[in-house]
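Heads up: the structure comes next, in structure tokens.
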Amino acid sequence: MQAMEPENAQGKSPAENEQEVVPDVASAMSASSEALEFLCSVGLEELNLCLFTDSLATVSVSGVELGNFAVSVQPAYYQLDGLEEEKCFLVHAASQGTIDGVPCGTSIIGHISYKLETLEQHVHEYVKLKGHSLDKKTQIVRQGDKLVINRIITEGEKLHRETSSHSTSLLSGLISEAANLLIMRILARRKIKDPLKFLAFDEEGNLCTSTYAPLGTQAQVIGKEMVDVFGIERTIHSPEVPTTWQCFFLSDGHLASHVQIGSPVTIKLNEMPVLSEPDEKDPKPVFEKKPLAWQEDLQLHSEFLDRKEELISDHETYLRRHPEVKVLLADFMQFLLLRKPDDIMDFAAEYFKPFSSTQEPNDPFVSSHHASPFRNVSH
């Protein structure tokens, strides 16, 4: 469905390798009426009960720990150039580990609206083989009445790049990977009884359907406790090969276990978390204002402290409103330490370039030996 042409990492320009794809099958696919009703029924109060972090371990069939998996959902703000700022949820998932001696990992960063629509999503996957590596980056972003998908696949020194777009009018009930992580918590809290059918994209960017079916309740040992967990089976019905996951959750939506059918590893929760319940609003505390007591030059120190508090408050407010700053920096540090480039400035410039909505997509890891744009600058 989507054309993908190989090129050398230092080959053709992005414009020569991009192709807009409008899938013919989109009109024949749709989410079920029950799925659309479910999306409309989810309110902000219910969503706020799903704002927590899951931390699990990846283990082999024999019980050997291979890596870790974490998912967090937190309130955030999202704004495209020229548009009004919108309240939303920031979903971040990251897994990393070593399977059969091969380092691999996945990172998902997504901004999800209160209507569970995907505003923007970045997925980064890598597998580091000896003498050969695979790196995939996929960006989904809304641009007007289109949902634009940019994909960059780096295999060794070869680069594949493509751009496709879909009309948002044909994507009602679309669940992205980031939105899926939030929706699964809600489905588990409700203990769904009947299957639901949504739209989704498979690993190749093909539009297809995805289903969520209840698996019922079973017992699971978490730490030293035996607890009941509720299961949901998710299947992406790809035209290539369908993929199925079975996930089990605690009563409040915390992920207890996760396994992809056919995979040799399982993701499990090792310690019981504090369960999320509706909070009772406490009266707002009142603090008595105390005067500053400085020994010398009271006026100067008072003005200094006022300005200091103003800057701290401004910076903290910005970071609270944009939690993706810490997420992006954490992912950057992970891949910086993984690659260990000689030229850190050049590596950073190339790494963050694909995240710009105004830049043509580029391969961020073409080479660590290009001339840095920050060098030879006359002062």
Side-chain angles (χ1 to χ4, degrees), residues 2 4 6 9 54 56 58 66-72 90-111 118 120-141 148-164 175-181 200-208 210 234 236 238 240-245 247 258-267 324 327-339 347 350-355 361-366:
Q2 297 176 348
M4 180 179 289
D54 282 325
L56 301 91
T58 303
L66 304 174
N68 56 71
F69 176 79
V71 181
S72 67
L90 175 67
V91 179
H92 180 224
S95 66
Q96 54 185 349
T98 302
I99 300 177
D100 294 332
V102 178
C104 56
T106 301
S107 173
I108 300 174
I109 303 173
H111 287 84
T118 301
E120 186 168 350
Q121 174 183 276
H122 296 269
V123 178
H124 188 182
E125 303 170 85
Y126 71 87
V127 178
K128 190 176 180 182
L129 300 168
K130 290 184 178 179
H132 183 79
S133 62
L134 175 64
D135 189 282
K136 296 171 62 176
K137 282 192 173 185
T138 304
Q139 179 202 43
I140 298 177
V141 62
V148 179
I149 305 175
N150 297 310
R151 301 181 71 229
I152 300 173
I153 302 176
T154 307
E155 190 170 359
E157 291 298 322
K158 294 183 179 180
L159 173 69
H160 303 266
R161 181 188 297 117
E162 69 178 30
T163 296
S164 62
I175 304 301
S176 67
E177 289 303 307
N180 164 70
L181 297 170
F201 291 114
D202 65 11
E203 288 188 357
E204 302 301 321
N206 301 312
L207 184 65
C208 57
S210 65
R234 179 197 182 209
I236 292 184
S238 169
E240 304 295 332
V241 178
T243 307
T244 300
W245 298 264
C247 305
H258 174 284
V259 62
Q260 179 178 337
I261 301 301
S263 171
V265 300
T266 301
I267 297 173
E324 62 269 27
V327 171
L328 288 173
L329 291 178
D331 282 349
F332 170 70
M333 287 300 299
Q334 175 184 336
F335 295 115
L336 175 69
L337 295 175
L338 179 66
R339 296 299 176 89
F347 180 86
E350 293 181 359
Y351 178 87
F352 287 105
K353 188 184 298 182
F355 291 88
N362 239 333
D363 173 29
F365 301 112
V366 171

#### Entry: Non-hydrogen atoms of T154 and L159 that approach each other most closely
OG1-CD1, 3.8 Å
### Query
Excluding sequence neighbours, so at least two apart, what forms side-chain hydrogen bond (donor to acceptor under 3.5 Å, both in side chains) with E125?
none
### Summary
Rounding to 0.5 Å, atoms CZ (F201) and CZ (R151) come to a distance of 11.0 Å
### Query
Does E177 pair with R234 as a salt bridge, N-O distance under 4.0 Å?
yes
#### Entry: Any side-chain heavy-atom pair of L338 and K128 under 4.5 Å
yes
### Query
Considering residues at least two apart in sequence or located in another chain, which fulfil the side chain to side chain contact (heavy atoms under 4.5 Å, CB included) criterion with L336?
F332, M333, P341, I344, F347
#### Entry: 4.5 Å side-chain heavy-atom contact, D135 and H124
yes
### Query
If you round to the nearest 0.5 Å, how far is CG of N150 from CD of E162?
9.5 Å
### Task
Let me see the working for H111 and L90 under side chain to side chain contact (heavy atoms under 4.5 Å, CB included), right down to the final yes or no.
CA-CA 5 Å; H111 287 84; L90 175 67; 3.9 Å; yes
#### Entry: Residue pair C247 / H258: nearest heavy atoms and the distance that separates them
SG-CD2, 3.1 Å
### Nearest-0.5 Å distance, CD of residue Q334 to CD of residue Q96
4.5 Å
### Query
For T118, which residues count as a side-chain hydrogen bond (donor to acceptor under 3.5 Å, both in side chains) partner, sequence neighbours excluded?
S176
## Note on the structure
From the list L129, V127, L134, side chain to side chain contact (heavy atoms under 4.5 Å, CB included) with C104 holds only for V127
### Query
What pair of heavy atoms forms the shortest contact from N206 to D202, and how long is it?
N-OD1, 2.7 Å
### Message
With rounding to the nearest 0.5 angstrom, report the NZ to CD1 distance, K136 to I152.
### Response
13.0 Å
### Query
Quick one: ring-ring contact (aromatic ring centres under 6.0 Å, His included) partners of F69, sequence neighbours excluded?
none
### Message
Applying side chain to side chain contact (heavy atoms under 4.5 Å, CB included), can you list everything that pairs with A94, at least two apart in sequence or on another chain?
### Response
H92
#### Entry: Results of side-chain hydrogen bond (donor to acceptor under 3.5 Å, both in side chains) for T244 - residues two or more places apart only
T235
### Query
Is there side-chain contact between T243 and S238, with heavy atoms separated by less than 4.5 Å?
no
#### Entry: Partner set under salt bridge (charged side-chain N to carboxylate O under 4.0 Å, His left out) for D331, not counting sequence neighbours
none
### Task
Look up atom CD in E204 and atom OG in S164, then write down how far apart they are to the nearest 0.5 Å.
11.5 Å
### Query
Residues two or more places apart in sequence or in another chain: which of them pass side chain to side chain contact (heavy atoms under 4.5 Å, CB included) with I175?
L39, A179, N180, I183, F198, Y212
### Summary
Applying side-chain hydrogen bond (donor to acceptor under 3.5 Å, both in side chains) to T138 and not counting sequence neighbours gives none
### Flag side-chain contact, heavy atom, 4.5 Å: H122 against E120
yes
### Message
List the residues meeting side chain to side chain contact (heavy atoms under 4.5 Å, CB included) with E203, not counting sequence neighbours, and say none if there are none.
### Response
none
